[in-house]
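Written out below as structure tokens is the structure these notes cover.
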Amino acid sequence: EPWLSDGTTAGTMQLRDITPGGGGSQVFELARAGSLVYFRATSPATGYELWRTDGTASGTVLADDIGPGQLSSHPSYLVGGGDRLYFVAWDGATIDLFARDPAGPARRLGTLRHAATTGLPRSQAPAGSSLVLAADDGASGFEPWVSDGTPPGTRVLADLLPGVGGSGPEEFFSTGARAFFSACDATLGCEPWVTDGTPGGTSMVLDIAVGAASSAPESFALLPDGRVAFAATGLEGRELWVSDGTAGGTRLLADVTPGS
């Protein structure tokens, strides 16, 4: 069940018994959006649906019942961007991308082949109040998309590898106003990219493995100074790199194990 804690025994309490009995409501995928925390939970009346809490018992409520009745929509890949929540859910017919503002209800942004259904890692992240994600419209393959929380504003961000194959973007990681990710093109392989959620603000950071070879960046992590650290393969083998989002500010941080 959902619980709340301030780090003390006295301040640790159950918020709500959504599914009474020993089975519990199977709370999963908690994500913060503004002053609210959203999560997936199950109840006998609704199945697995989207819930939210403001940290009080009375404010812990069902947010949206997307699957009618006891049909579970299984909301997943919950990501907060400002006050807005983005998530993927099933309505009984299709798996769709949704957005939800605090006042609700959730709105369908489009029926896309979301990378979440293929197992691509870290397939979406916020960039400001927008969402950048890996999706396939059936024509361009998996490419980076962007959504401002409206159906018209949910579109291809950049067709990095034209054709049905797609650039296979993954490893999306938010630094606040921007997001880093890995993507592949036909001449430079799979390298780190950065975006602010606009086509003009989307670019390759650096061709670390020069030419068609791939550095395969992954495991982005934010440093205290605002740069990101990540693993990539260059001339020194797979090592730790650091970047501020520019080519000049991207370098090998440490050759932990010398050699290639």
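This structure is a prediction, so every number in the text was calculated from the model and none was measured. Numbers for residues simply follow the sequence, beginning at 1.
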Donor-acceptor pair, [X] side chain versus [Y] backbone, under 3.5 Å?
| X | Y | result |
| --- | --- | --- |
| Thr60 | Thr56 | yes |
| Asp64 | Ile66 | no |
| Thr53 | Gly55 | yes |
| Arg238 | Ala216 | yes |
| Glu143 | Ser167 | yes |
| Glu29 | Tyr77 | yes |
| Asp101 | Gly104 | no |
| Glu218 | Ala232 | no |
| Thr154 | Ser147 | no |

Would you say the side chain of [Y] lies within less than 4.5 Å of the side chain of [X], judging by non-hydrogen atoms?
| X | Y | value |
| --- | --- | --- |
| Leu252 | Glu236 | yes |
| Glu1 | Leu15 | no |
| Phe142 | Leu133 | no |
| Leu62 | Trp51 | yes |
| Gln14 | Trp3 | yes |
| Ile208 | Pro192 | yes |
| Tyr38 | Leu30 | no |
| Trp145 | Val132 | no |

Please name the pair of heavy atoms, one in [X] and one in [Y], separated by the smallest distance, quoted to 0.1 Å.
| X | Y | answer |
| --- | --- | --- |
| Ala127 | Gly197 | CB-N, 4.4 Å |
| Ser203 | Trp193 | C-CE3, 3.1 Å |
| Ser130 | Tyr86 | CA-OH, 3.7 Å |
| Glu191 | Pro217 | C-CG, 3.6 Å |
| Leu109 | Ala99 | CD1-CB, 3.8 Å |
| Ala125 | Ser174 | CB-N, 3.9 Å |

Practice task
Establish, yes or no, whether a centroid distance under 6.0 Å links the rings of Phe87 and Phe98.
Solution key: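 Between Phe98 and Phe87, which both carry aromatic rings, the centre distance is below 6.0 Å.
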Any donor-acceptor N or O pair under 3.5 Å, side chains [X], [Y]:
| X | Y | result |
| --- | --- | --- |
| Glu170 | Ser182 | no |
| Thr42 | Gln26 | no |
| Thr19 | Ser25 | no |
| Ser129 | Arg84 | no |
| Thr46 | Ser43 | yes |

About how many Å separate [atom2] of [Y] and [atom1] of [X], when rounded to the nearest 0.5 Å?
| X | Y | atom1 | atom2 | result |
| --- | --- | --- | --- | --- |
| Leu188 | Asp207 | CG | CG | 4.5 Å |
| Glu49 | Leu71 | CD | CG | 7.5 Å |
| Gln124 | Phe172 | CD | CZ | 9.0 Å |
| Asp244 | Leu223 | CG | CG | 11.0 Å |
| Asp54 | Leu4 | CG | CG | 10.0 Å |
| Ser215 | Phe230 | OG | CZ | 6.5 Å |

Problem - Lys/Arg N to Asp/Glu carboxylate O, Asp196 vs Arg178, below 4.0 Å - result: no
Practice task
Check the pair Arg108, Asp91 against salt bridge (Lys or Arg N to Asp or Glu O under 4.0 Å), reporting the backbone distance first and the verdict last.
Solution key: CA-CA 10 Å; Arg108 190 188 316 267; Asp91 66 359; 3.0 Å; yes
Exercise for the section: Using a cut-off of 6.0 Å, state whether more than 12 heavy atoms not belonging to Arg107 lie near its atom CZ. Expected result: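 Check passes, neighbour count above 12.
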If hydrophobic clusters are built by linking Ile, Leu, Val, Met, Phe, Trp and Tyr wherever their side-chain heavy atoms come under 4.5 Å apart, do [X] and [Y] end up in the same one?
| X | Y | answer |
| --- | --- | --- |
| Leu85 | Leu97 | no |
| Val228 | Leu240 | no |
| Phe39 | Val79 | no |
| Val156 | Val88 | yes |
| Ile95 | Leu78 | no |

Handout entry: disulfide (SG to SG under 2.5 Å): pairs with one or both residues in residues 159-248, sequence neighbours excluded
Key =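 As it turns out, the disulfide (SG to SG under 2.5 Å) pairs with a partner in residues 159-248, which skip direct neighbours, are Cys184-Cys190.
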Problem - disulfide (SG to SG under 2.5 Å) pairs, two or more places apart, involving residues 8-104 - result: none
Problem - Non-neighbouring partners of Arg155 that pass salt bridge (charged side-chain N to carboxylate O under 4.0 Å, His left out), sequence neighbours left out - result: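 Residues passing salt bridge (charged side-chain N to carboxylate O under 4.0 Å, His left out) with Arg155: none at all.
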